[in-house]
Amino acid sequence: MSDQLRPRASLRTAVVWEVLKDALDRQVKATGRDALDVLDTGGGTGNFAVPAARLGHRVTVVDPSPNALFALERRAAEAGVADRVSGVQGDILGLFDVVERDGFDAVLCHGVLEYVDEPAEGVSNAVEALRPSGALSLLAAGLGGAVLSRALAGHFSEARQALTDPAGRWGEGDPVPRRFTAEQLSDLVSSAGLEIAAVHGVRVFADLVPGVLVDTEPGALEALLKLEAAVAEQPAFHSVATQLHVLGEKRR
């Protein structure tokens, strides 16, 4: 795992980054080009864009927040990759107002579908932005993780509400507008014309373990990272993950 994704933040990004990095490496081999064109929709301050640029790729970040794009610009400059990262104000539903179709080898759609009115349209736009044989990295909030966390906190009615609510929300105070199951995300990707290459559970245990334990117990962080990586591909744990990651590949 790259240094820029350590230490504490790596609990949220490690599994996804490893899958994404492998996908980009495969794209490099398949295309014969060392530098890929990557689109990061909702990429914010560059948690994935900057590391991808450090690998030598050209990254375009589309985000609705001017403040996030300003922070992205500063972060890319500090990392020495300002020439490979560009930020554009926009969103995934109006994606082709700011970028062209069929222009990217990989598209990241992380933490976006929870907040758009039409998730299927968002995925469709992400796929249309891909070149032939391109890859889509999709990350969204998982329903099961919310149900489990509310139940463990003693909020049993809210846990049941999340389980039965069509959007997976536990109540009026829920800050997340929509959650998904692994099957729902996979269906969205498949319906948009991609083949499912992998499905991963993200933050299966990380959000349940007391932070003080991870921060103070020697070796706990590294052990937890290894545990998260070990269970990420196990379907049995997808249903309790805080987030779900689907990697889709465009058919030639």
Between [X] (side chain only) and [Y] (backbone N and O only), is there a donor and an acceptor less than 3.5 Å apart?
X	Y	answer
Asp40	Val61	no
Asn125	Ile92	yes
Arg131	Gly103	yes
Glu114	Val112	yes
Glu228	Val202	no
Arg84	Ala53	yes

More than 12 heavy atoms of other residues, nucleotides or ligands under 6.0 Å from [atom1] of [X]: yes or no?
X	atom1	value
Gln89	CD	yes
Phe96	CZ	yes
Glu128	CD	yes

If you round to the nearest 0.5 Å, how far is [atom2] of [Y] from [atom1] of [X]?
X	Y	atom1	atom2	result
Glu233	His200	CD	NE2	3.5 Å
Arg33	Gln27	CZ	CD	8.5 Å
Leu108	Leu138	CG	CG	10.0 Å
Glu222	Leu227	CD	CG	12.0 Å
Asp174	Arg179	CG	CZ	4.0 Å
Thr13	Asn47	OG1	CG	7.5 Å

Using the rule that Ile, Leu, Val, Met, Phe, Trp and Tyr join whenever any side-chain heavy atoms are under 4.5 Å apart, tell me whether [X] and [Y] fall into a single cluster.
X	Y	answer
Leu24	Phe104	no
Phe70	Val98	no
Val176	Leu163	no
Val240	Phe205	yes
Leu36	Val50	yes

Which atom names give the shortest non-hydrogen contact between [X] and [Y], and what distance separates them?
X	Y	result
Val107	Ala126	CG2-O, 3.6 Å
Ala82	Ala77	CB-CA, 4.0 Å
Ala135	Leu247	CB-CD1, 4.4 Å
Pro175	Trp170	CD-CZ2, 4.0 Å
Ala206	Leu224	CA-CD2, 4.2 Å
Arg54	Ala79	NH2-CB, 3.6 Å

Quick one, [X] and [Y] - any side-chain contact, counting heavy atoms below 4.5 Å?
X	Y	answer
Thr60	Asp37	no
Leu39	Leu95	yes
Asp105	Val38	no
Asp102	Lys250	yes
Phe48	Ser137	no
Leu113	Leu188	yes
Asp34	Val28	yes
Val16	His110	yes

Please set out all donor-acceptor pairs under 3.5 angstrom arising from side-chain atoms of residues 139-154, sequence neighbours excluded.
unit_1	atom_1	unit_2	atom_2	d
Ser149	OG	Gly145	O	3.2
Ser149	OG	Ala146	O	3.0
Arg150	NE	Glu158	OE1	3.0
Arg150	NH2	Glu158	OE1	2.5

Give a yes or no on whether a salt bridge exists between Asp165 and Arg169, defined as a side-chain N under 4.0 angstrom from a carboxylate O.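 A salt bridge is absent here (no side-chain N lies under 4.0 Å from a carboxylate O).
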
Can we say Asp25 and Lys21 salt-bridge, meaning some charged N sits less than 4.0 Å from an Asp/Glu carboxylate O?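 The answer is yes: the pair qualifies as a salt bridge.
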
Does the pair Val123 and Cys109 meet the rule for a side-chain contact (heavy atoms from CB on, under 4.5 Å), with working shown? CA-CA 8 Å; Val123 175; Cys109 183; 5.8 Å; no

Under the criterion side-chain contact (heavy atoms from CB on, under 4.5 Å), I'd like the reasoning laid out for His238 against Val199: C-alpha separation, chi angles, the key distance, then a yes or no. CA-CA 8 Å; His238 294 169; Val199 179; 3.7 Å; yes

